[in-house]
Amino acid sequence: MSESRQEVLSAHFFVESALTQLIERAARATGLFDESFSADIRPADPRFGDFQANGVLPFAKRNKQNPRALAETLASKLQSEPTLDGLAVISVAGPGFINFSLTPRFLLSWLKNFASETSFQSSAKHFLEGKRISIDYSSPNTAKQMHVGHLRSMIIGESIQRILRFCGASVHRDNHIGDWGTQFGILLFAIKKNQVDLATLQEPLEELEKLYKEGYALTKTSEEALNGARSELVKLQQGDAENLHLWQQINAVSYRAFDEIYAEMDIAFDNVWGESFYRDKVDRVYNELHECGVSEESDGAQVVFHRDVEQFKDQPFLIRKSDGASNYASTDLATVLFKVLECGFGEIVYVTDGRQQDHFQQLFLTVKKWFAKKHYPMPELHHVWFGTILGEDGKAIKTRSGDPIRLKELIREAIARAYSIVEEKNPDLAESDKQHIAKAVGLGALRYADLVQNRTNDYVFAWDKLLSFDGNTAPYLLYAVARIHAIFRKAQLPLFDLDNSASAFETPEELALAKKLVAFPFALKQAIDELRPHFICHYLFELSSLFSSFYNANRVLVDETDVKARRFLLCSRTLATLETGLHLLGIKTLHLM
RNA sequence: GGGGGAGUAGCUCAGUGGAUAGAGCAGCGGCCUUCUAAGCCGAAGGUCAAGGGUUCGACUCCCUUCUUCCCCGCCA
């Protein structure tokens with residue numbers, strides 16, 4: 001091959017994008033297509049090829065031309081492309097689809113170029129290079145224990161954070177803890193009423209939850225209690241020393257409990273800028289919005305109307321309560337200002353429950369008007385919302401009524417169930433191995449069950465669903481990983497030793513697996529475009545499934561050196577891809593299970 | 001009343017205007033003296049909620065209707 005290496009198709013990590021450029025360039029060279037033509041390339045049904053370009057059909061329609069003839073002209077132009085020579089087989093089918101089949105030579109070349117987590121990363125980083133993104137997730141309220149309803153923001157947020165970082169963004173992880181809300185009015189009122197000493201409590205969080213429940217019930221029945229709670233909150237927000245001290249004690253015990261969960265789930269933040277962090281920053285928000293004419297007064301509260309948006313014409317955005325206290329809109333606005341002006345983030349991602357969609361739409365609209373008036377840099381804002389976890393009754397799992405499953409308990413149960421399966425499948429393993437495996441499998445299954453489905457769907461909480469270990473689950477992927485490690489252990493060879501002895505792939509299983517490996521960047525691209533990790537889950541499951549078929553049909557450790565070498569190569573790339581993908585989901589991989 | 005989500009196999013869910021709508025689970029039939037059977041192979045399973053429309057082509061876009069969940073001023 002005489003062309004420079006960069007020009008060759010197999011030198012491109014993201015084949016779809018390279019192919020798109022190639023097709024569009026070739027199309028223009030025919031003189032029959034103008035700038036409006038786009039290749040519209042996508043993975044194809046394996047019966048027809050590996051990629052299909054559908055763009056000829058709409059173009060022909062717009063220009064009243066015969067699509068089939070146009071497609072054939074373009075295809076024959078592509079046949080003579082030197083960069084495609086011997087790497088892809090091109091054909092035209094149906095009304096004007098152009099199909100591309102990657103040749104074994106292409107596959108081998110690509111797999112040699114992209115061989116490890118490090119090499120994937122150094123290519124993937126071009127997707128989001130230069131972006132500075134702050135992501136806000138988990139964000140529990142203090143004074144309460146985390147329950148199953150807090151699971152999704154943690155798991156989805158952590159995965160998205162890892163994916164964005166892997167794809168080259170500079171990511172800042174923020175835990176916007178609810179430590180300054182109305183719950184403190186009720187809590188402080190109840191603590192004082194019952195003369196509780198927080199320092200002497202055995203199970204402080206349990207006690208605080210009980211106090212909160214009692215206090216909450218009281219405010220529902222007694223006007224006096226309601227006013228008491230309100231005035232405690234106002235005193236706290238005005239800096240009353242006694243209330244501040246109690247508030248700090250409450251937060252301290254909450255943080256300890258959160259940190260235990262985060263440690264177990266392998267989650268960490270760069271900053272914990274809770275609502276209280278912004279308490280001296282909300283006045284500027286009130287002043288600026290008032291001064292710009294974005295906000296107005298209504299029933300004693302400060303609100304923003306978006307009358308230009310049909311949906312919100314009668315639904316104001318309340319940014320300051322009539323008693324002068326801040327609410328979550330105040331702190332969220334202050335947060336955007338701080339993150340953009342003080343920290344220089346160009347993009348902010350919020351990972352929360354879907355029930356907050358209206359809030360975030362109004363928040364984003366308000367920021368847009370406000371920042372435009374003040375000529376502040378306009379950030380890109382994303383609300384990554386997810387469906388609600390429902391109880392058996394089909395209603396949202398609630399904090400106040402009933403007792404939702406505690407996160408601590410869910411995690412313990414996940415590991416315990418995994419342990420009993422390890423015990424059953426592999427009783428001879430050392431105890432320390434069993435425990436290590438149980439933890440990875442149990443926590444992995446929990447995470448994967450949440451990530452595998454499109455985040456915008458609700459689902460009913462069920463132990464057996466969240467902690468399933470069969471089929472499309474983390475253990476299935478982990479099992480493929482463990483089997484590959486077993487092959488390398490048995491062969492006693494390092495991962496890349498035989499690359500150069502590999503012959504071209506031949507069996508249907510080898511070819512199908514190799515082609516799937518080349519498609520990894522597409523899954524990454526889908527995940528970052530929509531901020532939906534389930535694309536990666538589905539890709540990894542299909543990859544594992546193809547690996548398992550390959551593993552059953554094609555023995556790796558055979559005598560012929562070239563066959564062994566190419567199967568080794570497939571194993572090493574499958575391993576690298578699975579491990580990379582699982583790590584992006586926040587799942588720890590195993591060598592043994 | 002306004003707005004948003006969902007409705008696809010018995011169950012849980014994928015599906016970017018593209019070719020014969022796909023998985024997992026459950027159930028059925030096979031495969032372990034060979035690199036880990038937490039696996040593989042096979043068969044079966046569908047009025048894509050209903051009805052219209054747009055077009056070369058609709059699960060996908062538009063309209064109407066039905067079912068269901070959620071949000072809509074001082075909670076977050």
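Numbered from 1 within each chain, the chains take letters A, B, ... in sequence-line order.
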- Task: With a 3.5 angstrom cut-off on both distances, give the Watson-Crick or G-U wobble partner of B:C40, or none if there isn't one.
- Result: B:G30

- Note on the structure: Taking B:G73, B:A14, B:G3 as options, the one with an atom nearest any side-chain atom of A:Gln311 is B:G3

- Ion pair A:Glu209/A:Lys213, N-O distance below 4.0 Å: no

- Is there a donor and acceptor pair closer than 3.5 Å between the side chain of A:Ser322 and the base of B:G73? no

- Query: In terms of heavy-atom contacts, does NE2 of A:His436 have more than 12 from other residues, nucleotides or ligands at under 6.0 Å?
  - Reply: no

- Task: Test for a donor-acceptor pair under 3.5 Å between the base of B:A76 and the side chain of A:Asp332, counting only N and O atoms.
- Result: no

- Between A:Trp385 and A:Asn457, who's closer to the 5' end of RNA chain B by nearest nucleotide? A:Trp385

- Please check the phosphate of B:A76 (OP1 and OP2 only) for any side-chain N or O of A:His176 closer than 4.0 Å. no

- Check the distance between B:C11's C1' and A:Asp464's CG and give it to me in whole angstrom. 13 Å

- Task: List the protein contact pattern of nucleotides 30-42 of chain B with one symbol per nucleotide (5' to 3'): B for base contact, S for sugar-phosphate-only contact, - for none; contact means a heavy-atom distance under 4.0 Å.
- Result: ----SBBSBBSS-

- Message: What's A:Leu57 touching, base or sugar-phosphate or nothing? Going by heavy atoms closer than 4.0 Å.
- Response: base

- In whole angstroms, how far is the C1' atom of B:A19 from the CZ atom of A:Phe51? 18 Å

- Task: Could you work out the separation of B:C40 and B:C32 based on their C1' atoms and round it to a whole Å?
- Result: 11 Å

- Taking every non-hydrogen atom, the tightest pair across A:Ala445 and A:Ser468: CB-O, 3.8 Å

- Query: Which one, B:G24, B:U55, B:G15, comes nearest to the side chain of A:Asn472?
  - Reply: B:G24

- Answer yes or no on whether A:Lys525 is positioned over the face of A:Phe14, meaning its NZ or CZ is under 6.0 Å from the six-membered ring centre and within 45° of the axis. no

- Among B:C56, B:C71, B:C75, find the nucleotide with the atom closest to the side chain of A:Asp358. B:C71

- Item | Salt-bridge criterion met for A:Asp458 and A:Arg152 (N-O under 4.0 Å) | no

- Query: Who passes side-chain hydrogen bond (donor to acceptor under 3.5 Å, both in side chains) against A:Gln302, sequence neighbours left out?
  - Reply: A:Ser295

- Task: To the nearest Å, give me how far apart CD (A:Gln315) and P (B:C72) are.
- Result: 8 Å

- Task: Indicate syn or anti for B:C32, taking the glycosidic torsion and treating anything within 90° of 0 as syn.
- Result: syn

- Item | Span that lies between the C1' atom of B:A49 and that of B:G7, in whole angstrom | 6 Å

- Same-atom distance (C1') from B:A37 to B:A76, integer angstrom: 49 Å

- Scan for salt bridge (Lys or Arg N to Asp or Glu O under 4.0 Å) pairs involving residues 535-552 of chain A, sequence neighbours excluded, and state none if there are none. A:Lys516-A:Glu542

- Item | Minimum-distance nucleotide to A:Lys321 side chain [options: B:C74, B:A19, B:G5] | B:C74

- Message: With rounding to the closest Å, how many angstrom separate the C1' atoms on B:C48 and B:A6?
- Response: 14 Å

- Task: Would you please confirm or rule out a distance under 4.0 Å between OP1 or OP2 of B:G18 and any side-chain N or O of A:Arg42?
- Result: yes

- To the nearest angstrom, how far is A:Asn54 atom CG from B:A58 atom P? 15 Å

- Query: Between B:C11 and A:Lys465, is there an OP1 or OP2 to side-chain N/O distance shorter than 4.0 Å?
  - Reply: no

- When the P atoms of B:G24 and B:U20 are considered, how many whole Å apart are they? 23 Å

- Same-atom distance (C1') from B:U47 to B:G4, integer angstrom: 28 Å

- Could a donor-acceptor pair under 3.5 angstrom be found where the side chain of A:Thr388 meets the base of B:C70? no

- ring-ring contact (aromatic ring centres under 6.0 Å, His included) with A:His176: which of A:Phe277, A:Tyr350, A:Tyr278, A:Tyr137? A:Tyr278

- Counting side-chain heavy atoms from CB outward, which of B:U16, B:U20, B:A76 is closest to A:Arg47? B:U20

- Item | Per-pair stack call A:Phe48 and B:A19, 5.5 Å, 30° | yes

- Message: Against the six-membered ring of A:Phe535, is A:Arg532 placed for a cation-pi contact (under 6.0 Å from the centre, within 45° of the normal)?
- Response: no

- Message: How many whole angstroms separate atom CZ of A:Phe312 from atom P of B:G73?
- Response: 12 Å

- Query: What is the pairing partner of B:C66, taking Watson-Crick or G-U wobble pairs with both distances under 3.5 Å in any strand?
  - Reply: B:G7

- For atom P, what is the distance between B:C62 and B:A23, given to the nearest Å? 29 Å

- Which whole number of Å gives the distance between the P atom of B:G22 and that of B:U16? 14 Å

- Query: Taking the inter-plane angle between the rings of A:Tyr476 and A:Phe541 on a 0 to 90° scale, is it parallel (under 30°), tilted (30 to 60°) or perpendicular (over 60°)?
  - Reply: tilted

- Note on the structure: Between CZ of A:Phe100 and C1' of B:G18 the distance, given in whole Å, is 16 Å

- Task: Select from A:Pro95 and A:Leu390 the residue whose nearest nucleotide in RNA chain B is closer to the 5' end of that strand.
- Result: A:Pro95

